[in-house]
Amino acid sequence: MSESIISSVVQWIGSQLINEATFLFGVKDQVRSLQADLEYIQLYLRDADQKQALEGGDGPFSLFTKEIREIAFRAEDVIDTYILKVASGDTDDGSILSKCARLFYSSPHIHNVGKEIEAIQSDLRQVFDRLQTFGVTRTAALGEGSSSSNPLSLRPQQDVLLTYAHFEDEYVVGLDDDVRNLVRQVTDCSEEESVAAWVVSVVGAGGAGKTTLARRIYNNIEVKNHFDQKVWITISQQWNMGNLLLDLLRQTGGIRDEETNPTQAWCQREIVEKIHHFLSERRYLVVLDDMWATDAWDGICSALPRCRGSKVIITTRNKDLPPHADWNCIIHEPPLLTEEQRWHLLKKIAMDGRHTGVADIARLEELGRDMIRKCGGLPLAIVTLAGLLRTKYRLDEWEYVNRILSSKLLKLKGPAHYGKSVYETFQLSYLDLPHYLKPCFLYLALTPEDVEIPTGMLTRMWIGEGFVTHDPSSDGNESLEDLAEQFLLELICRCMVQIAGRSDSTGKVKSCRLHDLMRDFCMTKAKEQCFLKVFSPTTQSDSAMTISASPQLRRATIHRDGSILVSSCSNLRSIVQLGKSDLFRNSRGGFLQESTVLLGLRPICENFMLLRVLLLFGIKTNDGCLPEQIGNLRHLRYLGVIDTNIVSLPESIGNLSNLMILEYKDVKTRIPKCGQLPNVLWKMKQLRHLCLPFFSTSPTHPSVPETLMLHTLRSLTTLWGIRGGNWMKTQMATLSPCLVKLGIHCILSQEQLDAVFDCLSLKPASRLLHLRLQWFNFAAEMRSTEPLRNNCQHLRKLALNGRIGDELPLCFPHNLVKLQLYETQLELQDPLAVARKLRHLKVLMLVQESYLGAQMTCDMDSFPQLEVLALEDMPNLEEWRVEEGAMP
């Protein structure tokens, strides 16, 4: 991974030379020289990494990697620390006197950093000389690609998008008979309750397809129609019985989501009784996925009544668990794939019509069949291998992969072979990643096991880390957000990341996950590289943790409760604190551990001054505030404050001049009112993404100053969740023309609503993709939707919440895929009759008195692509006529 580390540092130094030019004025030439040296040695590191992969263990190339990593981290630390020191004494107001004062203050730092850079360059030269001694060669000129290392980047954009749209969420072969037999067994009610099997256990090794099989049964239409209630709970190795039972109660409908408030003292016995009572009146199916221990079953089974026709499905690797659960348990072990099934699966993924030439195809099949024989019959190993081969277009590349597999797996046989085959395919896939994807993949280790990762948050964190930058050879027209999405696409294409959820309207991936074996591999690699370490207390009482690790550790993620105590890791670049959150559920609906410790955030801001990313998710602070010291984190690029009790942002946040992403949303508090949003956002000129507490009229969301200024944020692409106010009269016309997502709520006057259309992003040639507006009906009315139709040709999602005038014809942009109307109070115009003209529409929601008329009509051939239709709260509706051929 040495090439990836050096590349990341080179990119970071380049961005610092641009963004911090004022503070690097005394050492700019030396920093550029260091950057050039790092770029030069990078040209040799691809060959070094390949040699390291072949040698394995602790050979010389592994030592080289460690040395290079240490040198690269030193370079980062020296430059970032220097900028911090100079910036802390800067009082430049533009006068000659203040410039002289800055020069005087920075002189000793300039001398010291100059000597440190010279020492780093000297160490780099020594490592480079030794690399050449071991036969490392230059593999490419800087910026050159490789079809084997980065195939997607060489493919036409349209082809990538087409492939993206056709990615399958799961690749499955050979399960039809298993599904058919198990569906028959779980829906069979012919036997007496006393002898009928209550538990069905799917038992097998990791990667055998247990969860996939259980999911196929769970989603089967016959199963859906047979059971009154279905619940899916993921247990995993680390579990909390209280949270599992709460999740089970929530999914059964025994409580509402808001009743699972962490402040509520739920008695475990009462929860068990509630579940038992609720399910005793229903025929239910409960899936307990990835159960490891018998005591997990003992805690849950008391809540599950043994009703006639009800069933429990357990997936487990523990063969002792099924008979413990039920003496009459049905045990099913998914068989290993046959050679034909393996070949069909590999061919389905790796050879989707892109390989041409009869001779090559025949040889490719021969190589493919040879490789799948080496991998054994575990589906996970085949899928991962296929994801790797999917990026290989030449015969010699397939031959190379086959040789590597032969050297690693040829002598292994029996059950031990299966686990080794999975690991080696993971290893091959990881080593084959282009350098820019390795840190993106390792970053996925930050989340707990079986947790769905919101892709928007993930890709924005990649941007904050500096993993996503424009290629110097590109035209720069593609946004960083689009590039980050492309990176995620590549990892999905390689079958290293799984799709967990898609947008109901666009089909884009909304959440992703790692298979638990892939996550174990990812965490191991992240730890080896000092890239990231997970801190997770093993017991509820173990709540105060000290981050104690190598000073080179770059990232720390804390799961569950944990007060951070300062240790030897002041060079951390990222801290991710994950507490309990309804928004961050595991991949089947469960919750993270309950958060009970009140955190003090001041130590973070005072002791980890080099942070680029700070995510506070689902935590509680002792005072409900971000500390003033947050403004000391000059290098911060990403700040996430999500699902917390933090009710105000300090004025000092304006000091974060390099901040690119501010995600402040989902405030959870009992404080009657939040503070006002400070009028300092205009200082953060690098800001690209600004998300504030979501649409609500609640006073617990921050108000906006009347003189709020946003005109300096010329790179802003997302402005979401901001409250309306008189600031709109002057600022809407000056907002960034780069906006692709705009959401404003609580608009208080007609003048403010009219000002929305002064926004450049609502003018002709608009780039806007998503617009949401909410205004009060007593204060304003949208007089016409025609400007939206005429100017926002790229708009894909539109949500309007407030009265729309009936005097002018209702119309919408033609390319909408999602339309939501709330409280629009249309009476003379049928919104269904208007929306039917939108040929791409997939989701239509007309709710909360959006229509006050008496009749609605769906004409023939209307809504050809509609998938979701919601009609609610239309008090005057008497007739809804649907013609034959409507909504096909």
Polar side-chain atom of T459 near backbone of G456 as donor-acceptor pair, under 3.5 Å:
yes

When you measure from the side chain of H745 to the backbone of Q774, do you find a donor-acceptor pair of N or O atoms at a distance under 3.5 Å?
no

Verdict with supporting geometry, I804 and Q825, side chain to side chain contact (heavy atoms under 4.5 Å, CB included)
CA-CA 7 Å; I804 297 177; Q825 297 184 2; over 6 Å; no

Check the side chains of D289 and T211 for a donor-acceptor pair under 3.5 angstrom, ignoring hydrogens and angles.
yes

So, H770 versus W720, ring centres under 6.0 angstrom or not?
yes

Please check this pair: side chain of W775 against backbone of R803, looking for a donor-acceptor N/O pair closer than 3.5 Å.
yes

H277 atom NE2, neighbour heavy-atom count above 12 within 6.0 Å:
no

Tell me, with the steps shown, if E485 and K508 meet salt bridge (Lys or Arg N to Asp or Glu O under 4.0 Å).
CA-CA 10 Å; E485 187 178 349; K508 286 191 174 184; 3.4 Å; yes

I need the L578 CG to L616 CG distance, nearest 0.5 Å.
9.5 Å

SG (C746) and CZ (F776) are apart, to the nearest 0.5 Å, by 4.0 Å

Show every salt bridge (Lys or Arg N to Asp or Glu O under 4.0 Å) that has at least one partner inside residues 224-234, sequence neighbours left out.
none

Shortest non-hydrogen separation from D504 to K842 and the atoms involved:
O-CB, 4.4 Å

Donor-acceptor side-chain pairing of Y851 and E849 below 3.5 angstrom
no

Treating S505 as the side-chain partner and K818 as the backbone partner, does any N or O pair qualify as donor plus acceptor under 3.5 Å?
no

Name the residue from C512, S511, C440 that meets the side chain to side chain contact (heavy atoms under 4.5 Å, CB included) definition with L458.
C512

Minimum side-chain heavy-atom gap V231-L285 below 4.5 Å:
no

Using 0.5 Å steps for rounding, measure from the CG atom of L248 to the CD1 atom of I275.
4.0 Å

Under a 3.5 Å distance rule, please check whether D830 uses its side chain to pair with a backbone N or O of T857 as donor and acceptor.
yes

Residue pair L249, F278: steps toward the side chain to side chain contact (heavy atoms under 4.5 Å, CB included) verdict
CA-CA 9 Å; L249 184 59; F278 193 82; 5.5 Å; no

In short, C858 meets W880 closest at the heavy-atom pair SG-NE1, 3.7 Å

Does R282 offer a backbone N or O that forms a donor-acceptor pair with the side chain of Q229 under 3.5 Å?
no

Of the non-hydrogen atoms in S850 and M874, which two are nearest, and what is the gap between them?
OG-CE, 3.8 Å

What verdict does the side-chain hydrogen bond (donor to acceptor under 3.5 Å, both in side chains) test give for N777 and E781, after you've listed the backbone C-alpha separation in whole Å, the side-chain angles of each residue and the deciding distance to 0.1 Å?
CA-CA 6 Å; N777 285 345; E781 174 184 281; over 6 Å; no

Side chain to side chain contact (heavy atoms under 4.5 Å, CB included), paired with L844, selected from L866, V868, L871
L866

Run through L768, V817, L819 and flag the one making a side chain to side chain contact (heavy atoms under 4.5 Å, CB included) with L795.
L768

Between D450 and R513, is a side chain to side chain contact (heavy atoms under 4.5 Å, CB included) present by the stated rule, with each step listed?
CA-CA 7 Å; D450 288 315; R513 59 173 171 251; over 6 Å; no

Do side-chain atoms of N876 reach the backbone of G853 as a donor and acceptor pair under 3.5 angstrom?
no

Angle class for the W462/F487 ring planes (parallel below 30°, perpendicular above 60°, tilted otherwise)?
tilted

Is it the case that the side chains of E706 and N726 hold a donor-acceptor pair, with the cut-off being a distance below 3.5 Å and no angle test?
yes

Partner set under salt bridge (Lys or Arg N to Asp or Glu O under 4.0 Å) for K729, not counting sequence neighbours
E751

In the structure I gave you, are the side-chain heavy atoms of L788 and N791 within less than 4.5 Å of one another anywhere?
no

N/O donor-acceptor pair under 3.5 Å between E883 side chain and M860 backbone:
yes

Have a look at E481 and tell me which of Q486, K741, R688, H689 forms a side-chain hydrogen bond (donor to acceptor under 3.5 Å, both in side chains) with it.
R688

Is Q865 reaching over with its side chain to a backbone N or O of L841, donor-acceptor style, under 3.5 angstrom?
no

Consider only side-chain N and O atoms of S862 and D859, and report whether a donor and an acceptor are under 3.5 Å apart.
no

Euclidean distance, L838 CG relative to L816 CG, rounded to 0.5 Å
5.5 Å

Calculate, to the nearest 0.5 Å, the distance between atoms CE and CG belonging to M728 and L710 respectively.
11.0 Å

Side chain to side chain, N790 and P764, heavy atoms closer than 4.5 Å:
no

Heavy-atom side-chain proximity of L244 to I233 below 4.5 angstrom:
yes

Considering all heavy atoms, the nearest Y638-M457 contact:
OH-CG, 3.4 Å

Closest approach of R216 to V179 (non-hydrogen atoms, all atoms of both residues)
CB-CG2, 3.8 Å

Side chain to side chain contact (heavy atoms under 4.5 Å, CB included), paired with V834, selected from L810, T785, L826
L810

May I have the step-by-step check of side chain to side chain contact (heavy atoms under 4.5 Å, CB included) for L690 and T718, ending in yes or no?
CA-CA 6 Å; L690 175 58; T718 297; over 6 Å; no

Atom CZ of residue position R767 - does it have more than 12 heavy atoms of other residues, nucleotides or ligands inside 6.0 Å?
no

Would you name the heavy atoms of L798 and F812 that are closest together and state the gap between them?
CD2-CD2, 3.8 Å

Carboxylate-amine/guanidinium proximity below 4.0 Å for E663 and R460
yes

Student check: side-chain heavy atoms of F863 and L832 closer than 4.5 Å
yes

Interatomic distance, NE2@H814 vs CZ@R839, rounded to 0.5 Å, equals 12.0 Å

Are any side-chain N or O atoms of S736 and backbone N or O atoms of R714, one a donor and one an acceptor, separated by less than 3.5 Å?
yes

Between Q752 and Q750, is any pair of side-chain heavy atoms under 4.5 Å apart?
no

Quick one: are L716 and L739 in side-chain contact, heavy atoms under 4.5 Å?
yes

Please examine the side chains of V223 and I221, heavy atoms only from C-beta on, and report whether any two atoms are closer than 4.5 Å.
no

Could you list the residues that satisfy side-chain contact (heavy atoms from CB on, under 4.5 Å) with H226, not counting sequence neighbours?
T187, C189, R283

